[in-house]
Every structure is written in C-alpha cells, then in structure tokens.
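Counting begins at 1 with the first residue of the sequence. Reckoned from all heavy atoms, side chains included, excluding hydrogens, waters and symmetry mates.
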Amino acid sequence: MQRTKLSAQSILTLTCSRSGTCCFGKAVMLNPWELLKFSSEKKMTPRDFRDLYCEFGGIRLRFNGKPDKKGQLACSQYIENVGCSVHLGRPLACRLYPLGRYIQFNKAHYMYQGDQFPCLNDCSEVLELPKLSVGEYIKGQEAVQFEKAQDEYLLVMQNIADIGFELLLDSGLAESGDTKTLKVWREIGNEPPELLVERIGQDWIDSLMIPAIQENENPITFAQKHNELLLLKAQEEFGNVQTLQELHNASVLMIGVALHLSRGLGADTKGISEHWIEIAKSHGAKE
C-alpha cells in the first residue's frame with residue numbers, strides 16, 4: 001500500500017474529534033513495556049491483563065467489543081459513549097494514530113497509509129478543527145517515552161536474534177553441513193502468530209512479555225533489565241547444549257522469540273527473517 005511520508009513540520013488535521021471511530025477494527029500491537037503500562041493503568045497484574053485482554057501471548061490487544069455500523073469490533077478497552085477506559089496507559093500505536101512511525105538510517109520518520117488522510121474517511125468533522133504540525137501532535141500525545149520503549153526493544157530483539165546466530169554459526173552446527181536450521185527460520189518468518197506462540201512455548205512467552213521487573217517509569221531501564229533477564233535465561237538453558245539437534249532446536253527457538261517480539265513491535269516479521277537468513281548464509285550457513 002502507498003504511504004505518505006511526513007516531516008515534523010507537516011501540517012495536518014490532527015486535532016481529534018474524539019468520536020471513537022479509530023477504536024474499532026484495528027490491530028494494536030504491544031511491546032512488554034506497553035503491556036505493563038496498560039496493566040498499571042488498569043490496576044491489575046500484567047499477567048491478568050494479558051490473559052484477559054490480549055492475544056498471541058500478549059503482543060496484540062484484543063478487539064472483541066460491540067461492533068460498529070461496519071461490523072468492526074471495538075477494542076476491549078473501549079467503553080461506549082465514554083471512550084478508552086485506560087487512556088493514560090494507551091500504547092504508541094494509539095498515541096500516534098492515524099500516523100505510523102518507521103526507522104530509517106537510525107532516524108524516526110512518520111507517515112500515513114494511502115494518499116488521503118485516514119481520519120477523513122470517518123471523521124470529516126476534523127476539517128473544522130485546528131490543524132497541527134506532526135511535531136506538535138507527537139508532543140501533545142506524550143509519545144516520547146513510548147517511542148523510546150519501541151526503539152529500545154528493537155535492540156532487545158536483535159540481541160535475542162544474535163543468540164540464535166551464535167548457536168548456528170559459532171557452535172559447529174553450520175560447519176557440520178546443517179541445512180535445516182535456516183529452512184525453519186524461514187518457516188517461522190511466515191508462520192501466523194498463533195502457531196509461533198505454540199512453537200515458542202508458554203515459558204518463553206511469559207519471559208518475553210511479562211518479565212518480573214517492578215520499574216516501569218523509565219522504558220529504557222525497563223527494556224535493558226528485561227534484556228539481561230532474557231540473555232541470562234538463554235545462557236542457563238543453552239550454555240551446555242552439545243548435540244547438533246540440541247543446537248538446532250535452541251537456534252530455532254531464539255529466532256522464534258526474536259521474531260515474535262518483532263511482530264509486537266509492528267515490524268515486518270517475514271522481511272526480518274529473510275534478512276537474517278541472508279546474513280547467516282554470508283557467514284557460512286547453508287540452506
């Protein structure tokens with residue numbers, strides 16, 4: 001789909017009419033810090049919030065409320081005639097909507113899908129409201145901390161994947177002539193999230209999405225502590241693996257965890273998988 005790129009100075013009809021139409025029929029993805037912020041605002045544990053209101057182990061908010069006129073289901077946190085029940089804890093996707101965000105050359109850029117501003121489809125009344133620059137809108141949505149969390153978890157994702165690379169490339173597995181590991185990496189990149197959750201298993205899903213970390217105000221600190229816990233868990237589980245089959249299983253699991261997190265970050269899981277496969281092949285792995 002075509003996307004319209006924006007700068008911080010771009011002026012748009014970004015003053016919201018608060019009609020709630022954007023709370024229906026969306027796919028709102030979550031990273032672990034956002035899941036914690038949501039649960040804190042809801043005054044419940046991250047595990048309970050995830051189990052009640054999320055799908056695929058916690059990476060996507062459940063939309064199972066009353067449908068709108070188009071038959072689109074409402075977000076699980078939406079209250080009719082009131083709006084979002086956890087507005088202060090809403091994730092980056094909700095704070096930025098209708099804008100999207102992507103990283104290119106280590107710099108954040110903003111855009112929206114298509115060549116027509118999305119809000120005009122259902123909220124034409126915004127044309128009568130004051131216009132804002134993209135920069136003003138981002139500031140008003142208090143999105144900075146959530147952007148920091150997103151960026152830090154991209155680093156966590158790569159760190160997890162690096163373990164998968166090491167288990168393949170530095171263990172003797174690739175040198176053995178193994179050809180099945182990269183094949184499974186590709187399969188994982190194409191798997192729907194419900195199957196990938198099953199492949200990863202509940203223990204690793206819990207470690208990925210609901211870590212035992214109390215600090216939740218600083219997203220960078222939270223993500224860094226989480227990264228340490230994940231690396232320690234991997235070391236404890238895979239530090240003494242010896243057989244080629246064990247190395248294969250461990251490498252596949254780590255890539256699966258990294259790709260599942262990538263989906264929660266709104267990344268192109270299939271594209272990332274293909275990119276990692278090419279990197280591994282350039283270092284001697286075979287398919």
Novice: Enter the distance from Thr181:OG1 to Asn249:CG here, rounded to the nearest 0.5 Å.
Specialist: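 These two atoms lie 8.5 Å from each other.
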
Novice: Regarding Arg101 and the six-membered ring of Phe146, is the cationic atom NZ or CZ under 6.0 Å from the ring centre and inside 45° of its axis?
Specialist: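 Cation-pi check for Arg101 and Phe146: fails.
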
Novice: When you group the ILVMFWY residues by side-chain heavy-atom contacts below 4.5 Å and let the links chain together, are Leu129 and Tyr112 in the same group?
Specialist: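 Tyr112 and Leu129: one cluster.
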
Novice: May I ask you to establish whether Arg263 and Phe56 are in a cation-pi arrangement, using a distance under 6.0 Å from NZ or CZ to the six-membered ring centre and at most 45° from the ring axis?
Specialist: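 Checked: cation-pi criterion not met.
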
Novice: Report the C-alpha distance between Lys37 and Glu34 in whole Å, list the side-chain angles of each, state the deciding distance to 0.1 Å, and finish with yes or no for salt bridge (Lys or Arg N to Asp or Glu O under 4.0 Å).
Specialist: CA-CA 5 Å; Lys37 296 298 287 185; Glu34 290 176 320; over 6 Å; no

Novice: By the rule that ILVMFWY residues connect when side-chain heavy atoms come within less than 4.5 angstrom, directly or transitively, which residues belong alongside Val82?
Specialist: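 Joined to Val82, directly or through intermediates: Ile79.
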
Novice: Going by heavy atoms in the side chains, are Met209 and Cys54 under 4.5 Å from each other?
Specialist: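 A side-chain contact under 4.5 Å is absent here.
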
Novice: Check whether Leu52 and Leu61 end up in the same hydrophobic cluster, where Ile, Leu, Val, Met, Phe, Trp and Tyr are linked by side-chain heavy atoms less than 4.5 Å apart.
Specialist: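 In one cluster with Leu52: Leu61, yes.
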
Novice: Using the rule given for side-chain contact (heavy atoms from CB on, under 4.5 Å), can you reason through Ser39 versus Leu35, listing the C-alpha separation, both sets of side-chain angles and the distance that settles it, and then say yes or no?
Specialist: CA-CA 6 Å; Ser39 65; Leu35 178 56; 5.6 Å; no

Novice: What's the separation between atom CG in Leu230 and atom CH2 in Trp204, rounded to the nearest 0.5 Å?
Specialist: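 Reported value, rounded in 0.5 Å steps: 6.0 Å.
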
Novice: Going by heavy atoms in the side chains, are Leu96 and Ile138 under 4.5 Å from each other?
Specialist: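 Heavy-atom side-chain distance check passes, below 4.5 Å.
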
Novice: Report yes if the side chains of Arg3 and Tyr102 come closer than 4.5 Å at any heavy-atom pair, otherwise no.
Specialist: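 Result yes, sub-4.5 Å side-chain heavy-atom pair found.
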
Novice: Identify the two heavy atoms, one from Asp122 and one from Lys70, that lie closest to each other, and give their separation to 0.1 Å.
Specialist: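 So the two residues come closest at OD1-NZ, 2.9 Å.
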
Novice: Is it true that a side-chain atom of Glu246 and a backbone atom of Gln242 form a donor plus acceptor pair closer than 3.5 Å?
Specialist: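 Yes; at least one donor-acceptor contact below 3.5 Å.
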
Novice: Just jot down the side chain to side chain contact (heavy atoms under 4.5 Å, CB included) partners of Gln202, sequence neighbours excluded, or say none.
Specialist: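 Per chain and number, Gln202 pairs via side chain to side chain contact (heavy atoms under 4.5 Å, CB included) with Arg50, Ile205, Asp206.
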
Novice: Please give me the minimum heavy-atom distance between Asn218 and Ile220, naming the atom from each residue.
Specialist: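 Between these two residues, the closest heavy atoms are OD1-N, 3.0 Å.
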
Novice: Considering only residues two or more places apart or on different chains, which pairs with a residue in residues 63-99 satisfy ring pair (Phe, Tyr, Trp, His ring centres under 6.0 Å)?
Specialist: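 Listed by first then second residue: Phe24-Tyr78.
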
Novice: Side chains of Arg199 and Glu187, heavy atoms from C-beta outward: is any pair under 4.5 Å?
Specialist: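 With C-beta onward as the side chain, the pair touches.
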
Novice: With side-chain contact (heavy atoms from CB on, under 4.5 Å) as the criterion, how do Leu259 and Glu191 come out once you've worked through the C-alpha distance, each side chain's angles and the decisive distance to 0.1 Å?
Specialist: CA-CA 10 Å; Leu259 288 175; Glu191 274 185 349; over 6 Å; no

Novice: Using only heavy-atom distances, determine whether the side chains of Gln141 and Arg90 contain a donor-acceptor pair under 3.5 Å.
Specialist: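 Note: Gln141 and Arg90 side chains meet the donor-acceptor criterion.
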
Novice: Establish whether Leu132 and Val144 are linked, either directly or via other cluster members, by ILVMFWY side-chain heavy-atom contacts under 4.5 Å.
Specialist: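 Different clusters: Leu132 never reaches Val144 through Ile, Leu, Val, Met, Phe, Trp or Tyr contacts under 4.5 Å.
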
Novice: Could you check Val184 against Ile255 for side-chain contact (heavy atoms from CB on, under 4.5 Å), going step by step and ending with a plain yes or no?
Specialist: CA-CA 10 Å; Val184 182; Ile255 293 299; over 6 Å; no

Novice: Is it the case that over 12 heavy atoms from other parts of the model lie below 6.0 angstrom from the CD atom of Glu278?
Specialist: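 For Glu278, atom CD is crowded (more than 12 foreign heavy atoms under 6.0 Å).
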
Novice: First locate atom CG of Leu99, then atom CG of Leu6, and finally report the distance between them rounded to the nearest 0.5 Å.
Specialist: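 Answer for the CG-CG pair, Leu99 versus Leu6, is 6.0 Å.
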
Novice: Counting distance only, does the side-chain N/O of Gln150 pair as donor-acceptor with the main-chain N or O of Leu265 below 3.5 Å?
Specialist: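 Looks like yes, one N/O pair under 3.5 Å.
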
Novice: Would you please name every residue forming a side chain to side chain donor-acceptor pair (under 3.5 Å) with Gln116, sequence neighbours left out?
Specialist: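 Residues passing side chain to side chain donor-acceptor pair (under 3.5 Å) with Gln116: Asn121.
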
Novice: For a quick test of reading the model, state the closest non-hydrogen atom pair linking Phe238 to Leu253 and the distance between them.
Specialist: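 Here Phe238 and Leu253 meet closest at CZ-CD2, 3.6 Å.
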
Novice: Quick one: NZ on Lys26 to CZ on Arg60, what's the gap to the nearest 0.5 Å?
Specialist: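 Taking NZ in Lys26 and CZ in Arg60, the distance rounds to 13.5 Å.
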
Novice: Identify the two heavy atoms, one from Ala174 and one from Gly284, that lie closest to each other, and give their separation to 0.1 Å.
Specialist: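 Where Ala174 meets Gly284 most closely, the heavy atoms are CB-O, 4.5 Å.
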
Novice: For Glu237, is the CD atom crowded, meaning more than 12 foreign heavy atoms sit under 6.0 Å from it?
Specialist: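 For Glu237, atom CD is crowded (more than 12 foreign heavy atoms under 6.0 Å).
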
Novice: Search all heavy atoms of Leu244 against all heavy atoms of Gly172 and return the closest pair with its distance.
Specialist: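 So the minimum-distance heavy-atom pair works out to CD2-O, 4.3 Å.
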
Novice: Taking all heavy atoms of Tyr137 and all of Leu14, pick out the closest pair and write down the distance.
Specialist: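 Distance-wise, the nearest heavy atoms are CE1-O, 3.4 Å.
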
Novice: Answer with yes or no whether the side chains of Ser85 and Lys42 bring together a donor and an acceptor at under 3.5 Å.
Specialist: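 There is such a pair between these side chains.
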
Novice: Taking the six-membered ring for Trp, are Tyr153 and His226 ring centroids under 6.0 Å apart?
Specialist: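 Yes, ring centres under 6.0 Å apart.
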
Novice: Could you pull out all residues at least two apart from Thr45 that satisfy side chain to side chain donor-acceptor pair (under 3.5 Å)?
Specialist: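 For Thr45 the side chain to side chain donor-acceptor pair (under 3.5 Å) partners, ignoring immediate neighbours, are Asp48.
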
Novice: Any link between Met29 and Met111 through a network of hydrophobic side chains (Ile, Leu, Val, Met, Phe, Trp, Tyr) touching at under 4.5 Å?
Specialist: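 Not linked; separate clusters.
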
Novice: To the nearest 0.5 Å, what is the distance between NE2 (His248) and CG (Leu173)?
Specialist: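 Here the rounded value is 8.0 Å.
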
Novice: Apply the hydrophobic cluster definition, ILVMFWY joined by side-chain contacts under 4.5 Å directly or through others, and give me every member besides Leu73.
Specialist: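 Under the 4.5 Å side-chain rule, Leu73 groups with nothing.
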
Novice: Would you confirm whether Ser251, through its side chain, and Leu167, through its main-chain N or O, come within 3.5 Å as a donor-acceptor pair?
Specialist: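 Not at all, since once roles are kept as given, no pair shorter than 3.5 Å links the two residues.
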
Novice: Mind checking whether Cys23 and Asp68 have side chains closer than 4.5 Å, heavy atoms only?
Specialist: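 No, their side chains stay 4.5 Å or more apart.
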
Novice: According to a hydrophobic-cluster definition based on side-chain heavy atoms being under 4.5 Å apart (Ile, Leu, Val, Met, Phe, Trp, Tyr only), do Leu120 and Val134 belong together?
Specialist: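 Both belong to a single hydrophobic cluster.
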
Novice: Once rounded to the nearest 0.5 Å, what's the spacing between atom NZ of Lys139 and atom OG of Ser133?
Specialist: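 Interatomic distance, Lys139 NZ to Ser133 OG, rounded to 0.5 Å: 10.0 Å.
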
Novice: Please verify the inter-ring angle class for Phe49 with Phe38; under 30° counts as parallel, over 60° as perpendicular, anything in between as tilted.
Specialist: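 Correct class here is parallel.
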
Novice: Mind checking whether Asn227 and Leu155 have side chains closer than 4.5 Å, heavy atoms only?
Specialist: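 Side-chain contact under 4.5 Å: no.
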
Novice: In terms of side-chain geometry, is the basic nitrogen of Glu236 or Lys233 positioned less than 4.0 Å from the acidic oxygen of its partner?
Specialist: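 Between Lys233 and Glu236 there is no salt bridge, as every charged N stays at least 4.0 Å from the carboxylate O atoms.
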
Novice: Start with the C-alpha gap between Ser273 and Ile188, add the side-chain angles, then the distance that decides, and say whether side-chain contact (heavy atoms from CB on, under 4.5 Å) holds.
Specialist: CA-CA 8 Å; Ser273 174; Ile188 292 174; 5.8 Å; no

